[in-house]
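The structure presented is a predicted model; accordingly, all values stated were derived computationally and were not measured. This chain uses plain numbering: 1 for the first residue, then up along the sequence.
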Amino acid sequence: MQIEFASSALLELFETGKTKDRRYQKIQRNKKLLQGYQRVVQVMQQVSNSDELNDISFLHYERLKHKYSGQSSVRLLNGSVERLLFTESQDGIVVEIIEIDSTHYGNR
């Protein structure tokens, strides 16, 4: 699938593992989260459509509702609350943001 990045910081983080954007400093410092982000984007590049993401259980793919209506998400790591939010289109996927909200699924 064709992957586009909504911000240069997300592309830079994917390609080099570093970015100057303060929002993603936690991802940059945590090697497991960084590797999870890079792995998720690589998996998304390999599938032919977004429905195949549902078959890959560790991603926890879901179409979002309410506040994030029109977007979808996958988890960066199994057992973590950090998610990659993206928008699906006919041409592919537009990666928009990494959500580092520790309150989403409850911090258990």
Side-chain angles (χ1 to χ4, degrees):
M1 225 176 180
Q2 179 68 27
I3 306 292
E4 296 177 29
F5 295 89
S7 73
S8 60
L10 289 169
L11 176 61
E12 186 178 21
L13 190 63
F14 174 68
E15 291 178 342
T16 65
K18 297 182 181 184
T19 183
K20 294 178 182 172
D21 194 329
R22 294 181 58 95
R23 292 180 292 179
Y24 305 120
Q25 291 298 311
K26 179 180 178 182
I27 303 293
Q28 181 177 321
R29 286 185 302 232
N30 188 329
K31 287 192 183 251
K32 285 188 178 185
L33 284 177
L34 179 61
Q35 290 171 347
Y37 168 63
Q38 292 171 333
R39 181 182 60 167
V40 165
V41 173
Q42 290 171 352
V43 167
M44 290 168 59
Q45 288 174 335
Q46 293 173 357
V47 299
S48 60
N49 62 33
S50 59
D51 292 334
E52 291 180 25
L53 294 174
N54 207 23
D55 297 336
I56 305 170
S57 64
F58 73 87
L59 292 178
H60 296 276
Y61 168 76
E62 64 178 327
R63 288 195 170 105
L64 303 176
K65 303 175 190 171
H66 308 294
K67 179 179 170 184
Y68 296 110
S69 182
Q71 294 181 323
S72 300
S73 75
V74 291
R75 285 197 190 168
L76 295 183
L77 289 174
N78 200 10
S80 75
V81 294
E82 288 80 15
R83 311 182 293 168
L84 181 67
L85 300 179
F86 57 92
T87 304
E88 302 169 36
S89 66
Q90 295 276 356
D91 300 331
I93 292 176
V94 178
V95 175
E96 295 180 348
I97 191 168
I98 299 173
E99 186 178 70
I100 310 173
D101 182 10
S102 62
T103 61
H104 176 64
Y105 292 107
N107 201 2
R108 300 176 193 180

### Query
Where is the tightest heavy-atom contact between Leu64 and Ser73, given as atom of each residue plus distance?
CD2-OG, 3.7 Å
### Message
As an exercise, state the distance from CD of Glu4 to CD of Glu96, rounded to the nearest 0.5 Å.
### Response
11.0 Å
### Short side-chain to backbone donor-acceptor contact, Gln38 and Phe14, under 3.5 Å
yes
### Message
Using the rule given for side chain to side chain contact (heavy atoms under 4.5 Å, CB included), can you reason through Ser89 versus Gln2, listing the C-alpha separation, both sets of side-chain angles and the distance that settles it, and then say yes or no?
### Response
CA-CA 10 Å; Ser89 66; Gln2 179 68 27; over 6 Å; no
### Query
Quick one: side chain to side chain donor-acceptor pair (under 3.5 Å) partners of Gln45, sequence neighbours excluded?
none
#### Entry: Salt-bridge present (Lys20, Glu12; N to O < 4.0 Å)
no
### Query
Partners of Leu84 by side-chain contact (heavy atoms from CB on, under 4.5 Å), sequence neighbours excluded?
Tyr37, Val40, Val41, Met44, Val74, Leu76, Val95, Ile98
### Query
Step by step, would you call Phe58 with Arg39 a side chain to side chain contact (heavy atoms under 4.5 Å, CB included)?
CA-CA 11 Å; Phe58 73 87; Arg39 181 182 60 167; 3.6 Å; yes
### Query
Do you see a donor-acceptor pair shorter than 3.5 Å between the side chains of Gln28 and Thr19?
no
### Message
Between Val47 and Asp55, is the side chain to side chain contact (heavy atoms under 4.5 Å, CB included) condition met? List the steps.
### Response
CA-CA 10 Å; Val47 299; Asp55 297 336; over 6 Å; no
### Task
Check whether any side-chain heavy atom of His60 sits under 4.5 Å from a side-chain heavy atom of Asn78, and report yes or no.
yes
### Task
Heavy atoms only: give me the nearest Ile27-Leu34 pair and the separation to one decimal.
O-CB, 3.6 Å
### Task
Please report the shortest heavy-atom distance between Glu88 and Ser50, naming the atom on each side.
OE1-OG, 2.6 Å
### Message
Strictly distance-based, threshold 3.5 Å: is any side-chain N or O of Asn49 a donor or acceptor partner for the main-chain N or O of Glu52?
### Response
yes
### Task
Can you sort out the partners of Tyr61 under ring pair (Phe, Tyr, Trp, His ring centres under 6.0 Å), two or more places apart, ordered by chain and number?
none
### Task
Answer whether the closest heavy-atom distance between the side chains of Leu53 and Phe86 falls below 4.5 Å.
yes
### Query
Roughly how far, to the nearest 0.5 Å, is the CD atom of Glu62 from the CZ atom of Arg83?
6.0 Å
### Query
Hey, what do you get for CD1 (Ile97) to OG1 (Thr87), rounding to the nearest 0.5 Å?
11.0 Å
### Query
Can Leu85 be reached from Leu33 by stepping across I, L, V, M, F, W or Y side chains whose heavy atoms are under 4.5 Å apart?
yes
### Query
Are Leu59 and Val94 co-members of a hydrophobic cluster defined by side-chain heavy atoms under 4.5 Å apart?
no
### Task
Locate the shortest heavy-atom distance separating Asn30 from Lys32; write the atom from each residue and the value.
OD1-N, 3.1 Å
